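Only one structure is covered here, and it is reproduced in the block below.
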Amino acid sequence: MKRAAHEVTEPQDAEARRRIPPVICYPVDTLPRPDLAAYQAARDGWEKVDEVVVPPREARCFHVPAGSFFRIVSIEGPQVGDLNLWSADDINERFFSGKTRALHGTHLSTGDQLWSFLPYLRPMATITHDTLDWYGFDAFGGSVHDVIGTRCDPYTHKLLSGAEYHHCCHSNLTRALSERLGKPKQEVEPAVHDVLNVFMCTGFTRDTGQYFMKASPVRPGDYLEFFAEIDLLGALSACPGGDCSAEHSSDAAVCHPLLVEVYRPKVPPAGWTSPPRSGYSRKHED
């Protein structure tokens, strides 16, 4: 973290250097954008075809066919969820939180897309509705649905506390994927990846730049809705931190279940086609 007190004398032009305006790393003016009006129209007459309840401090997998919608719903009390996504045909193609963050920002909402890992790099899902979009950014710089946290995991827990805890989101997702694929946990663990922290309220402190969390504003009935751009295998963990107002990776926090709902529209959105994988040649030539 950045030190609060500097150990190095400032150069004479320090303030001038600080005043240099920033440049957006990835301008998205040329990025193909989803037709949200067409997506929203496709909701009319849709049919709920599946639902999965995710128990507290556990994870569950679910499948969403391309061209369908899914929702992550708060059903009992404030609860954060950690979401992983893979191509249902190839789990090597998985959600790329870092590139999603670079393209759309630290926190996601309606119209943002979840992109897949290199060398695939295509939108896996599009956020089509967010009942927490009213929150915006608070006075601490916090907001909801982040792609900056990595997921709570037993390795960091062991490092910081010396204890073993097996209901971290990383372990929950590993168990769920192992059960879904019928493969050993150690074999599927490398496929578990950085998450979309659904409903989690997070930011960075202004003085030290440290990642923080605070009580989620989510209420029963709130949901985050997605459109599946490709055939998806998903896994959602109901975080052991509950609403993450005090701690995570603990049995002390009050935790609640989450609900995943899958909806099939009568017809796909007008003009929609499932996106292809990246067209880059992969030659990597000099």
Side-chain angles (χ1 to χ4, degrees), residues 1 52-62 71-85 95 97 100-101 106-109 114 130-132 135 137-138 140-177 185 189 192-205 208-224 234-260:
M1 71 189 77
V52 176
V53 175
V54 182
R57 296 186 176 84
E58 291 292 349
R60 293 290 185 270
C61 285
F62 57 93
R71 286 178 172 179
I72 298 174
V73 188
S74 168
I75 53 176
E76 288 186 9
Q79 176 65 45
V80 165
D82 285 44
L83 177 66
N84 266 192
L85 293 176
F95 171 49
S97 67
T100 300
R101 179 174 64 248
T106 58
H107 298 78
L108 306 186
S109 191
L114 280 64
D130 173 13
T131 65
L132 290 176
Y135 191 87
F137 282 87
D138 60 33
F140 301 98
S143 191
V144 293
H145 314 314
D146 82 74
V147 279
I148 49 179
T150 59
R151 70 201 173 277
C152 56
D153 70 87
Y155 302 95
T156 306
H157 187 86
K158 179 77 171 181
L159 176 69
L160 297 178
S161 73
E164 296 209 351
Y165 185 73
H166 305 299
H167 285 271
C168 298
C169 288
H170 178 87
S171 297
N172 297 346
L173 294 165
T174 298
R175 287 194 304 273
L177 187 61
K185 293 188 287 291
E189 183 182 7
V192 173
H193 51 278
D194 286 352
V195 299
L196 171 60
N197 280 309
V198 179
F199 305 142
M200 192 172 183
C201 189
T202 61
F204 293 103
T205 59
T208 61
Q210 288 177 282
Y211 181 52
F212 71 75
M213 62 186 187
K214 55 180 293 190
S216 172
V218 67
R219 306 149 298 180
D222 279 325
Y223 60 87
L224 188 62
L236 181 69
S237 172
C239 181
D243 70 353
C244 290
S245 58
E247 59 182 339
H248 54 66
S249 304
S250 165
D251 288 330
V254 177
C255 294
H256 302 279
L258 292 170
L259 175 66
V260 179

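Values in this document were obtained by computation on a predicted structure and should not be read as measured data.
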Original post:
What do the steps show when you test Leu173 against Val195 for side chain to side chain contact (heavy atoms under 4.5 Å, CB included), and what is the final call?
Top reply: CA-CA 10 Å; Leu173 294 165; Val195 299; 4.2 Å; yes

Non-hydrogen side-chain atoms of [X] and [Y] separated by less than 4.5 Å:
X: Val54; Y: Pro257; result: no
X: Ser216; Y: Ser245; result: no
X: Arg219; Y: Ser74; result: no
X: Glu76; Y: Pro220; result: no
X: Ser237; Y: His167; result: no
X: Cys152; Y: Tyr165; result: no
X: Thr156; Y: Cys168; result: no
X: His107; Y: Thr202; result: yes

Minimum heavy-atom distance [X]-[Y], with the two atoms named:
X: Ala252; Y: Arg57; answer: N-NH2, 3.9 Å
X: Glu58; Y: Asn172; answer: N-ND2, 3.8 Å
X: Pro55; Y: Ala238; answer: O-CB, 3.4 Å

**OP:** Output, in order, the C-alpha distance, side-chain angles, deciding distance and verdict of side chain to side chain contact (heavy atoms under 4.5 Å, CB included) for Phe62 and Arg60.
**Re:** CA-CA 7 Å; Phe62 57 93; Arg60 293 290 185 270; over 6 Å; no

Give a yes or no on whether the backbone of [Y] and the side-chain of [X] come within a donor-acceptor separation of less than 3.5 Å.
X: Thr174; Y: Glu189; value: no
X: Glu164; Y: Lys158; value: no
X: Thr205; Y: Gln210; value: yes
X: Arg151; Y: Cys169; value: no

First locate atom [atom1] of [X], then atom [atom2] of [Y], and finally report the distance between them rounded to the nearest 0.5 Å.
X: Leu83; Y: Leu258; atom1: CG; atom2: CG; result: 10.5 Å
X: Met200; Y: Ile148; atom1: CE; atom2: CD1; result: 8.5 Å
X: Ser143; Y: Lys214; atom1: OG; atom2: NZ; result: 10.0 Å
X: Cys239; Y: Met213; atom1: SG; atom2: CE; result: 7.5 Å
X: Leu108; Y: Leu114; atom1: CG; atom2: CG; result: 6.0 Å
X: Phe212; Y: Cys244; atom1: CZ; atom2: SG; result: 12.5 Å

Subject >> With Asp82, the side-chain contact (heavy atoms from CB on, under 4.5 Å) member among Asn197, Asp194, Val198, Leu196 >> reply: Asn197

Subject >> Aromatic plane relationship, Tyr211 with Phe204 - under 30° parallel, 30 to 60° tilted, over 60° perpendicular >> reply: tilted

Original post:
Mind checking whether Phe199 and His145 have parallel, tilted or perpendicular rings, split at 30° and 60°?
Top reply: tilted

**OP:** Please lay out, stage by stage, how Tyr135 and Asp130 fare under the test side chain to side chain contact (heavy atoms under 4.5 Å, CB included).
**Re:** CA-CA 10 Å; Tyr135 191 87; Asp130 173 13; over 6 Å; no

Original post:
What do you reckon, is CZ of Phe137 surrounded by more than 12 foreign heavy atoms closer than 6.0 Å?
Top reply: yes

Subject >> Cys201 and Asp138: CA distance, side-chain angles, deciding distance, side chain to side chain contact (heavy atoms under 4.5 Å, CB included) verdict >> reply: CA-CA 10 Å; Cys201 189; Asp138 60 33; 4.2 Å; yes

